Amino acid sequence: MKNINIGLVGFGTIGAGVAKVLLENHEVINARLGVELKLKKIADLDITTDRGVTIPDGILTTDIDQVIGNPGIDIVIELIGGYEPARTFVERALQNRQSVVTANKALLAKHGNELFTTARENGVDFYYEASVGGGIPIIKTMREALAGNNITSVCGILNGTCNYILTKMGDEGADFAAVLKNAQELGYAEADPTFDVEGIDTAHKLAILTSLAFSCPIDFEKIHVEGISDIKPVDFEFAREFGYKIKLLAIAKNEAGCIETRVHPTMIPKEHMLAKIDDVFNAVFVNADALGPSLYYGQGAGMMATASAVVGDLIDIARNLSNSNMRRIPDLGFQDNRITPGNYRPMSEISSQYYLRFSAHDKTSVLSRIAGILGGHEISIASVIQQGGGQGDATAVPIVMQTHIARERNLRAALSEIDQLDIIAAPTAVIRMESDL
Ligand code: HSE
């Protein structure tokens, strides 16, 4: 039986999880694979911190060259995260004809296209299952299991930190800052949670899913991104009254060759399957022409769940290596010459229903002035809620409206007029409502 030798770069939480799975599940992996996966080297600058897993002598090293470019290492696992030095290490490994497994969505979103080219030119595999949805096998599903379908849309809850915060805000009426602090204390949110709460981490993952769905190069810049930090507890109360829940949604749709990609807080009907995904869990909802709708649910982060996806990739590549069948699956699941630039719909041209929360002084004619401006921009109102007020204009009161489907461009034009009115005390809060995912 031939050994396949593995080198790991980045011995943090996920790296320790991968080592644990390889060591503890050695028997089952061997039974499935039929060849030995040998963890030969682990490179990190810090090899003294206790990671809770016993590594045999001679494996840990601070010398990156013992992994990258070492002819004795067949597959490199990159778990450093971030752009550099991850990009340089992955590029060098591929150029040295080492296959690579990564969990690094930021790297793929920014440099994925060029790294795929390097992998192709060197005849090696570059797998990235753990980069989207943690342990959920969504990449393999889209590249392989759904290969006979035209995919029409992919929508997901792809960030556990945001989903935890939105779930707690909705359940407990707490405000954003308090729940974020709690999430940090529990270790869910990073010390610097910007990429999570501003939607950037979700957009990195959506950039990858969009390419897998619609055979276009990865293009992070085309994604419209909004985070969750402006959502107020009162928005959850109104969402409940309308029968909706608020989620940070990643949306990619292809309508007659026109692609929409956006990440923003979204109200979805409480009966929709995605509305039931709570706490730190992730889910991806795929519409495909033969299969119809399907949902993939699980742990989107964490040591062992992410390690599960990394080791699944290792086993796939090890099978390709032992059958001399490298690049069995193209990087994005389509033949490379069929990856063509996407035709993207600008955000101003998308259509949606909208939740609008106006902060208005309690004066007569407020409603008619707002409604008049909306009507003048072809925005039709589906329902209105006004609570409180009646004591004159001492304080602003929320007026909440749900619109019928409207064009984003028209909505923005209407709001820029409305927010200038003397009866409006603060910028209007907007949350898109999606009933037809
Ligand atoms: N920080 C991410 C999350 C996990 O909260 O889901 C890694 O992408």
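Quantities reported herein were computed from a predicted structural model and do not represent experimental measurements. Counting starts at 1 for both ligands and their atoms, following the listed order.
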Quiz item: Using the benzene-type ring in the case of Trp, are the ring centres of F116 and Y128 under 6.0 Å apart?
Solution: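 Centroid distance F116-Y128: below 6.0 Å, so yes.
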Quiz item: Does the S416 side chain pair with the main chain of A413, one donor and one acceptor, at a distance under 3.5 Å?
Solution: yes
Quiz item: What part of D201, side chain from CB on, backbone N/CA/C/O, both or neither, has a heavy atom under 4.0 Å from ligand 1?
Solution: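 The part of D201 near ligand 1 is the side chain, not the backbone.
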Quiz item: Using a heavy-atom cut-off of under 4.0 Å, does the side chain or the backbone of T161 touch ligand 1, or both, or neither?
Solution: both
Quiz item: Hey, which atoms in ligand 1 end up nearer than 4.0 Å to a heavy atom of A301?
Solution: 4 (C)
Quiz prompt | Ring-face cation of R143 near Y127 (centre distance under 6.0 Å, axis angle within 45°) | solution =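 Positive - R143 is close enough to the ring of Y127 and near enough to its axis.
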Quiz item: Has K110 got its NZ or CZ under 6.0 Å from the middle of the six-membered ring of Y83, at an angle within 45 degrees of the ring axis?
Solution: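 Yes.
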Quiz item: With under 30° as parallel and over 60° as perpendicular, where do the rings of Y355 and F242 fit, or are they tilted in between?
Solution: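 The arrangement is perpendicular - the two ring planes meet at more than 60°.
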Quiz item: Mind checking whether K105 has a heavy atom under 4.0 Å from ligand 1?
Solution: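 Judged by the 4.0 Å heavy-atom criterion, K105 does count as contacting ligand 1.
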Exercise. Answer yes when E237 and R240 have at least one side-chain N-carboxylate O distance shorter than 4.0 Å, and no when they do not.
Key: no
Quiz item: Is N282 in polar range of ligand 1, meaning some N or O pair under 3.5 Å apart?
Solution: no
Quiz item: Tell me, which protein residue and heavy-atom name are nearest atom 1 (N) of ligand 1, and how many Å apart are they?
Solution: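 Nearest neighbour among protein heavy atoms for atom 1 (N) of ligand 1, to 0.1 Å: D196 OD1, 3.0 Å.
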Exercise. Starting from atom 6 (O) of ligand 1, find the nearest protein heavy-atom neighbour and note its residue, name and distance.
Key: G160 N, 2.7 Å
